[in-house]
Protein chains: 2
Amino acid sequence: MVTIADVAKRAGVSKMTVSRVINGSGYISQETRERVEKAIQELDYVPNSLARSLRFKRTRTIGLILTDITNPFFTTLARGVEDAASEHGFSVIFCNTDESAEEESRYVNVLTQKQVDGLLLVPTARTPESITFLENRNLPFVLLDRRVPDFRVDVVRCDSEQGAHDLVYHLLSLGHQRIAALGGSMHITSSTDRIAGYRRALREAGLEHEAHRAVFSSFTIEGGFSAANKALTMQPPPTALFAANNFIAIGAFRALREAGLRVPQDISLVSFDDLPMSVGFDPFLTIIEQPAYEMGHRATQLLLERLSQDGPGEPQDIILPVNLIVRVSSAPPAAG
Amino acid sequence: MVTIADVAKRAGVSKMTVSRVINGSGYISQETRERVEKAIQELDYVPNSLARSLRFKRTRTIGLILTDITNPFFTTLARGVEDAASEHGFSVIFCNTDESAEEESRYVNVLTQKQVDGLLLVPTARTPESITFLENRNLPFVLLDRRVPDFRVDVVRCDSEQGAHDLVYHLLSLGHQRIAALGGSMHITSSTDRIAGYRRALREAGLEHEAHRAVFSSFTIEGGFSAANKALTMQPPPTALFAANNFIAIGAFRALREAGLRVPQDISLVSFDDLPMSVGFDPFLTIIEQPAYEMGHRATQLLLERLSQDGPGEPQDIILPVNLIVRVSSAPPAAG
DNA sequence: CTGTTAGCGCTTTCAA
DNA sequence: TTGAAAGCGCTAACAG
């Protein structure tokens, strides 16, 4: 390995002078600078940022802890993070927790050891431990997509409550009165907020007594499948289903197909989150679209801001607006 | 920051003893070990892996350079990489090049500075520079998804040639004779290999003279759109289109829709790569499915193997089999 | 079983 | 404008 000492020797200067050339700090004569640069070229020298970080106490690296990069929502978010980080010369280490709190703590620990400058975190259902850990270490972090109740920390998320409200309002305006909500975990705020929005829409329509049709499951295809099946057993049956995320919508769609129900003729189906790639083909599902890329980008910017400021700063709860896209999966209820 | 020295002082031992406890190396009396562990607990000590890596000359971190994490094919691949890495206690730094060779060199450089132990790389059209750079530094790397001609290096990829052949053979068996191929860049082997497979299928069917219907563009929706439009101007027009990847298929589908052509009644459309999320809804497209997750997992295993062995080892070209899935977008050509 | 010394590659003092 | 010494946090090598 070529080190700064090798360059120094070759250029006939001290290590310090080489360091100054690399970092563009301090005064250096034009002539020495050129000699050093030549030596760097000739030796094909690349600085060791490990050693550098050890001194600087900054790594220009952030951690990104997601639940599952395979969900296109998080994929797009991750892309926003990487772009924003890269714009500022930061690198991103990424990790998948699969909603497991154990994995989350493990990764938080690993990333701490690696001395990341900050952390972006999609909290699992049981995140407080990690938050306390990070706060004790004064390691800056920003929560993504989900709040964690009882903690005053930076969060960047979408307006789940309003989005769900808008989606359900849309169904109500079509004439639906019996709408079932297929939620995710009841310990994840993006799920509970969406159920809250569902309830508010019903309340505003004077259909409070119909709000019991909310089923919690998980943000997975299986969760959506079973939740939809449960909803279909309700008496009288719902005329529309509101899926709290894209995976749930897929599972629900399967359940409907197996039950021999056509969308939207027999039952309407709407969803929070889009299915990006399918849009090219068959823009089918009426959805709430979340600005996933902006979310990642914005959260990264906030984090980098935190890194460059002194104190912790007033915690921000940044709520991005969402967007209703009406397509063909929602229609007025059947006459019957 | 709590360092090993703080722990040592608190436990009344030397730093070395603490180090031994942490690493489980050397002999330590039960009593001392407990005292040290207690001190670690009390101080909430987390080792600094920067310092550790500086000594060990290993970071237990690998770099993953993709063209675009937003493509579900690469998303799934990335997930395979992260899982395999995590199984072995490795972390992953990820980067998107957007097919730019400049970005690629920049990231290769950054990751080298960060002293990653190895690199996974989806090469862009102009990768040789990066390869030479890595080889000069003896930094182990494995290429993903695409070969780079004239270099004997480790590659993990799918059988593009055979897959394309199978897909076109499928069209031929349906009775199609005029099949256009919509390729990606002519400088990317996954693209050229697929075109080669297309040509072989035609040749085997004695339709060599029809092989001129291959259009190169890029692995993007726009590329697919324009390539399809070009194909549609051919005289006589093709009765089937073969898209060399998922994005191209989407662009082609749009072009067909705008031209008022129905799939598969008026024209058949088949594609390399699936559209994972849309499968839940409307398994529509006849495709070649690639084992993206396995590819990422396998490549990571190979890389980690390289890291733990002494010499460079004989370069491997691992070719994973692909899978034809016939759905409804392919049908016999219209009578006309 | 435990401690001391030296040094990984770099940069922050402080001198010259 | 340049350099020497010290040290970031850790561990290998050698003592004891």
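Proteins get letters first, then strands, A, B, ... in listed order; numbering begins at 1 in each. Source: prediction; values computed, not measured.
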- Message: Strictly below 4.0 Å: does Asn48(B) bring a side-chain N or O up to OP1 or OP2 of dC8(D)?
- Response: no
- Between dG3(D) and Ser14(A), is there an OP1 or OP2 to side-chain N/O distance shorter than 4.0 Å? yes
- Message: Just the rounded figure in Å: distance from C1' of dC10(D) to NZ of Lys15(B).
- Response: 7 Å
- Task: Provide, to the nearest angstrom, the distance between the CG atom belonging to Leu50(B) and the C1' atom belonging to dC10(C).
- Result: 11 Å
- Message: Please determine whether a side-chain nitrogen of the Lys or Arg among Arg126(A) and Glu102(A) lies less than 4.0 Å from a carboxylate oxygen of the Asp or Glu.
- Response: yes
- Query: Between Thr32(A) and Ile28(A), is there a donor-acceptor pair closer than 3.5 Å when you use the side chain of the first and the backbone of the second?
  - Reply: no
- When you check the gap from the basic side-chain N to the acidic O, do Asp98(A) and Arg79(B) get nearer than 4.0 Å? yes
- Quickly work out the Lys9(A) NZ to dG9(C) C1' distance and round it to whole Å. 15 Å
- Query: Which residue lies toward the 5' end of DNA chain C, Ala5(A) or Arg20(A), if each is placed at its nearest nucleotide?
  - Reply: Ala5(A)
- Query: Any donor-acceptor pair under 3.5 Å between the side chain of Arg55(A) and the base of dG9(D)?
  - Reply: no
- Message: If I take atom CZ in residue Arg58(A) and atom P in nucleotide dC8(D), what distance separates them, rounded to the nearest angstrom?
- Response: 18 Å
- Between dC8(C) (P) and Arg52(A) (CZ): distance, integer Å: 18 Å
- Task: Indicate yes or no for a side-chain donor-acceptor contact from Ser19(B) to the backbone of Lys15(B) under 3.5 Å, with no hydrogens or angles considered.
- Result: no
- Establish, with yes or no, whether the OP1 or OP2 oxygen of dT2(C) is under 4.0 angstrom from a side-chain nitrogen or oxygen of Ser29(B). yes
- Query: Going by an N to O cut-off under 4.0 Å, is there a salt bridge joining Arg106(B) and Glu103(B)?
  - Reply: yes
- Message: Using side-chain heavy atoms (C-beta onward) and a distance below 4.5 Å, is Leu77(A) in contact with Leu66(A)?
- Response: yes
- How would you label the contact of Lys57(A) with the nucleic acid (heavy atoms, under 4.0 Å): base, sugar-phosphate, or nothing? sugar-phosphate
- Measure the distance from CD1 on Ile4(B) to C1' on dC8(D) and round it to the nearest whole Å. 14 Å
- Query: Looking only at heavy atoms, which two atoms of Asp117(A) and Arg60(A) are closest? And how far apart?
  - Reply: OD2-N, 2.7 Å
- Rounded to whole Å, CE of Met16(A) lies from P of dT1(D) at a distance of 15 Å
- Task: For the pair Thr97(B) and Ser100(B), evaluate side chain to side chain donor-acceptor pair (under 3.5 Å) and give the outcome as yes or no after the intermediate values.
- Result: CA-CA 5 Å; Thr97(B) 62; Ser100(B) 146; over 6 Å; no
- Query: Going by number, which of residues 31-45 of chain A have a non-hydrogen atom under 4.0 Å from DNA chain D?
  - Reply: Thr32(A)
- OP1 or OP2 of dT11(C) less than 4.0 angstrom from a side-chain nitrogen or oxygen of Ser19(A), does that happen here? yes
- Message: Quick one: does any side-chain atom of Ser191(A) pair with a main-chain N or O of Gly184(A) as donor and acceptor, under 3.5 Å?
- Response: yes
- Task: Looking at every strand, decide which applies to Leu54(B) at a 4.0 Å heavy-atom threshold: base, sugar-phosphate, or nothing.
- Result: base
- Asp44(A) backbone acceptor or donor facing Arg137(B) side chain under 3.5 Å: yes
- Message: Report for the helix from dC1(C)-dG16(D) to dA16(C)-dT1(D): angle between first-end and last-end helix axes, five pairs each, rounded to 10 degrees.
- Response: 40°
- Round to a whole Å and report the spacing from CG of Asp6(B) to P of dC8(D). 11 Å
